[in-house]
Structures are given as C-alpha cells and as structure tokens.
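Since the structure comes first, as structure tokens, the remarks are kept for the end.
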Number of protein chains: 2
Amino acid sequence: VKIAKTTKPIKTVGTVGTVKMSIRNPTLDNFYSADIAIIGAGPVGLFSVFQAGMLGMSSVVIDALSHIGGQCTALYPEKPIYDIPAYTKISAANLISNLDKQNSPFKPKYMLDQVVNLISVDEKSHWILRTSQDNYIKSKAVIIAAGCGAFKPNMPPLEGIDEFENKTVFYNVGNTDIFKGKKIVIAGGGDSALDWALSLAEIADKIYIVHRRRNFKAMDNTVKKIEEISTGSGVIEFIIPYQLYEIHGEFGILHSIDVINLEGDIMNLKADYLLPFFGLKMDLGPIIDWQLNLNKNHITVNPENMMTNLEGIFAIGDVSDYPGKLKLILTGFSEAAVACHNAYKYVFPDKALHFVYSTNNPIIL
Amino acid sequence: VKIAKTTKPIKTVGTVGTVKMSIRNPTLDNFYSADIAIIGAGPVGLFSVFQAGMLGMSSVVIDALSHIGGQCTALYPEKPIYDIPAYTKISAANLISNLDKQNSPFKPKYMLDQVVNLISVDEKSHWILRTSQDNYIKSKAVIIAAGCGAFKPNMPPLEGIDEFENKTVFYNVGNTDIFKGKKIVIAGGGDSALDWALSLAEIADKIYIVHRRRNFKAMDNTVKKIEEISTGSGVIEFIIPYQLYEIHGEFGILHSIDVINLEGDIMNLKADYLLPFFGLKMDLGPIIDWQLNLNKNHITVNPENMMTNLEGIFAIGDVSDYPGKLKLILTGFSEAAVACHNAYKYVFPDKALHFVYSTNNPIIL
C-alpha cells in the first residue's frame, strides 16, 4: 500500500485536535496511503482488515504495541475465551493468530510500536494521520478500534524524570548489556520487577528493589530465590517499605535516587539506572483531542453505521459507545462489519455496494 | 427443562394472533418450561442457547426442520463460509457442529420437526407457545431467530391435493417399501426429482417424470442414467414438456393424474403415488399473525435491545430489521448476545446483571 510517488508536500487545510499538524518532509519512505486507516490491532481492529478486504478496500493498522493482538496478546495470551462463536474455547493468542491468518489474503500492513498523535484533513477530504514514528497515512476513512486506549507504563511521579527516560530510566528492558557491573534501582513489587531483578542480578553490581509494601505480588518461587541472593551474595537488597522520592543527576545521567518511607525517613541510593515497573495503564492518548463526541472516555457513534461525529471516522469495539452497547469481542466483530460497509461510500463514492455472501465473493476465491 | 408437575390446565388470559389458542389437555409429556424459548435452530438461534446459558438461563429451541442448522444444513452444508471471525474458512456444516458443541455445557433441548403455530400469554405474563406437534412451551422470554422463515415444500396448485397429502402424495420420501410394484408420478426437473426417480426405478412398476421443460436442472450423469433406463427397460418415462393439471381419486387414494402441455393437450397417467419436487420455500408462517410490527416480512426491533413491540419477545438474525441492519451470520451472533442480555430482566426481574468475561464465568468453568 505504499504510495508510488509523492511529488509535493501534502497541504492540509484543516487540523482536527488542539495541535497544529506540521507535515515534516514527507518522503517515499514514511508516507503511506490506504483506503482505510485502522487504529488498534486488537481482535476488532484485525477483523476490520478482513471486512475491508472482502469489500475490496485496502487498509493499514496502527498500534502502540510491538505486536498485534492488543490486550489479548499483552495481558492474557494463554487465557481461554469461551464466547467466540463456534469455538468451544480458544486462547486469546490463538484467536489473534487465527484472525491474522484470515487477513492474509489481503496482505495486511501492520504499523506497530507507534501511536497516531495527529490527524488532519487535506484539500481532497482525505484524512492524514501522523504517527509517533513520524509516518504519515493518507486514507479516505478511519476506523478507531483502540479498545481502552494505547498501553503505557505507569510512570512514577518524580519531577524531572522525563529528562532521564530512555537514557538511564527505562520502563521496559531491551539490551541488558548496558547493566553489566552497574547499580540499578528497580521499583515495584510485581512479577516484572522481581523477574528482572533476578535476571539482572547475574550481571549487575548492585540491585535495589524499592517497594512500598513488605509483600510482593509475585510468584513465591521468585521471591524465595531473590531472598536467597539478598542474604547470600547481597547483590540484591530489599528497600522496603519505601517509595521513590527524588531523582538526582544531570543531562540524563542518573547519579542517585532518594527513597522515603511512611515515617518520612529518606535514604539515598547511588544508582546508574532506574527501572520502574508499575504496570501498564491504558490511555486513549491524543485521540481525546480530536473533537470527537465522547462519553466518559468512549467515543459516541451512531450505531446504524458506527460513524462518529466526524464524517468518515468510525469507532468500534470497546472504545465506542451507543445505547445498548455490549463490550464483547463478538459484538466488536459485528461493529467492524457495519463500519466497513459504511466506510465503503467514502472510499468509493460513486459505486453502489452490492451484497455478496462470503461463499461467493470473488475477492477471496 | 421438562416441568415436574402440571396440576391444572394453563389458563391463558390473552392470545396473540388471529386464532384463539386452546390448550388441549396439557400433560407431563407435552408441556415444557424454560427461561427462554428460541424459535429457529439456525446458527443465530444456536448461539442464543450459548449466550443464554452463560447468563444462567435455560432455553428450548424449536425448528421446522428435522435437524439443527437451518439453511446451513438444509441448503449448503458443504459450502465454505469465509467471514466467520477467526475462521479462514469453515463449511456451513462444521459451523453448525461447532456451535452445537459450544452449547453442550448447557444441555440444549432441541424440539425439531415442528413449527410454533400459536403464542399466548398466561396470567403471570409467561409466554406459552404451541407447536405443530402439540407441544407446549412456557417461557419468560421468546427469541425469534427464524431466518427467512420455516422451510416448506412448494406445492403444486392442484385443487383438492390436501386430501391426498401424506397418503398418496408426498413432498419428501420416507419409507420406500410402499412404492414397490407401484406406478409413480414424479413432478419436477431438479436433483430431488431425478435422484428419486433413479432410486425408485429399482422397485417401482412405472415412473413418469413430469417436467414442464425439456431440460433438467440436475447432474448430467443422473440425467444420462435415467435416459438409459427410459430407452432400456422403460420403467422410467419422460412426460415433457408437461405440467400437472388435475388429480383423480377418492378418500386420499390416488387413481390418476392429468397432465397438460403448452398446446393444451391433456394426457391421463394412471398412478398410485404423486411425488412433487418443486423445491423449498421459506415462509414466516404463523409468526406473521402475532401482532408484531413488520417491515416487508421482517420483524422490526429496537436495536438497543433487539426487542420487538411485544414485551419479552426478541427478534434477531435475518428475520429482524432495524436501521443499518446487515444480514450477516456474524451480526446475528452479536444480536443474540444483545437479546440474551436484555432477556435477562424478564427471566430474573429482581436480579441485576453483572458483567463477567467468559474467561472468568463460573457457569462454564
């Protein structure tokens, strides 16, 4: 679906949202075009690719996570789901993999690890989306299937932390080599915190586990192993019950972290890295500013066509709201079908949509 | 779901429809009770059993056919369906079998080979349905998932034919022994007509195939075999292009059939049996008289809850109509969920419905 040529910059005539969208040098490499831009690669977004495809419409799917599947993949891949029609039981991971297979005739373009941060409209009434990876997508219709929003790590409320993020403060761990021989503060009391403490204990000089409670929400076995290291080599040290209080350093280089307990005692921990693991939150993000009609963080749509108050922008799945709405995956599938059938007239304004049973659809046969 | 005791006849306080419902001796054997009566055992009716079950509601399903699956089973069992979510491709027969398996935790009660011909309401606002097999079903909610209606054979427009039906005139063949050494008129030019001609030629004395065209809509191979018998033993004789014209006999005993061609020539065929195979039609049947709001043979519902104009009667799937309606199986699944969630308050008027993900639903675990 990559556009063959972009001869000149896109001129936007209007901006939806509070921030003026500036197209910075669109090039062949970061400019995409599709009939429909789908925001969210959860089950409902994925099924929209199929429904669009069956109606002869191309699509791109944008998602904040580095994989398709949304919550199904990120939060509970192994959990069995019982209410997908014609499946006695299917794991969330298999549901996603089957939906992906169903999409394969349409060669879906998944743009992962990025959120749509701006939306605009060009002089031909195309929607232009810009993602956080500075990709641009031009489309005639947009389907928002963003679930409860994009996943984001919960951040500790430390003043000035943004200066250190992705330099010495990480919310998820990529390359572990950088931690070799270093002092690390790991904050949090869940599985992620303790698993990483255990894993990094093999290469780090010192690991402080800062947790505001004495109890951990992690596997007993993991806690036990960490306690052994703590009383043994001492590479891991529990700082409990303490919370993060202040961050010290400059130019993104961390020097130390102050932690505080309920009595107000402050302790200073020398540290090269801070890894806060406070779980994920879901955040509708910039979509909230798109001048869409909202009802408590949900996008209000007309259930007849799943369209929002903006022409050609649809919202389906958990993010959408209308009278009688049920938040079920199977309901989202149906909404995907409705949205795609109604997006058709924006993609092909001059063509009438003729109903064809999938059995006889020449597109898939 | 069979009721344990019925001590006295049900008193009905109101009748929906044009015919007064008379409860003829309800006994333990023909009286059933369930939270929800589902009319139609197609994919959408079947999924309603599951949705009802997940919410703790029992159901019975009534269908005109002798098997579950509706059109999927009757018309195109081998056809692949491509737009069932998370199935790259599934045959209609497998779709039905999987939906049936999904229902198994709820031990569904399928009442087949019967149509609901009357509906009434008792003094406690329960719905009472009577079927053509003289079964009674008492329920607090009714879900009509009747598709395009019940399947019925198309009948030839012969005066007085009803006197012979199920005696010497059959629209489908059960026990073939009765045809041994007999003269049979088979009417029609499709697969059913020719397949039965071929099959009964082995035992019958004579078979006339009456068809108004010279061409048959059947497998070439079948036509060829029949032509061989026709020119060989002569047990089969083509009467083409002729149509049925008049039926002769008395007390249900057939004597002969008059057939006529386009020129008006009449021919008399001595016959013991008439088997008309003019295909199936779908007919909404008595439902049409239930004082439901209709729009061109479809039942108008409120899409917020899928309820008809009658309290506690819902309509879903192809039979239902609302603005933006898409006639897709997957849409019917979603409608089943909506109908069941809203039927809940009729079944349990004093209980609030709490949302539970299927993954954690104690009912199925």
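Small disclaimer: the values here were computed from a predicted structure and weren't measured. Every chain is numbered from 1 and lettered A, B, ... according to where its sequence line falls, protein lines coming before strand lines.
Contact of B:Asp83 with chain A is made through backbone and side chain together, with heavy-atom distances under 4.5 Å. The contact between B:Phe333 and chain A is made by backbone and side chain atoms together, counting heavy-atom distances below 4.5 Å. Heavy atoms of A:Ile81 lying under 4.5 Å from chain B belong to its backbone as well as its side chain. Only the side chain of A:Phe47 comes within contact range of chain B, judged by heavy atoms closer than 4.5 Å. Of the atoms belonging to B:Leu99, heavy atoms from both backbone and side chain fall under 4.5 Å from chain A. There is no contact between A:Pro303 and chain B, counting heavy-atom distances below 4.5 Å.
Remark: aromatic rings of A:Tyr87 and B:Tyr87 are close, center separation under 6.0 Å.
When B:Gly324, B:Ser334, B:Ala86 are compared by the number of non-hydrogen pairs under 4.5 Å with chain A, B:Ala86 comes out ahead. The candidate with the highest count of non-hydrogen atom pairs below 4.5 Å against chain B, out of A:Ile96, A:Asp100, A:Thr359, A:Asn98, is A:Thr359. Heavy-atom pairs under 4.5 Å with chain B were tallied for A:Met306, A:Lys325, A:Lys79, A:Gln51; the largest tally goes to A:Lys79. Annotation: maximal heavy-atom pairing with chain B below 4.5 Å, among A:Pro43, A:Ser358, A:Ser97, occurs at A:Ser358. For chain A, the option among B:Thr88, B:Leu326, B:Asn94 with the highest count of heavy-atom pairs below 4.5 Å is B:Leu326.
Looking at heavy atoms from C-beta onward, A:His341 lies in side-chain contact with B:Leu328 at the 4.5 angstrom threshold. Using a 4.5 Å cut-off on side-chain heavy atoms (C-beta onward), B:Thr331 and A:Glu335 make no contact.
Distance alone, capped at 3.5 Å, places no donor-acceptor pair between the B:Gln102 side chain and the A:Lys89 backbone.
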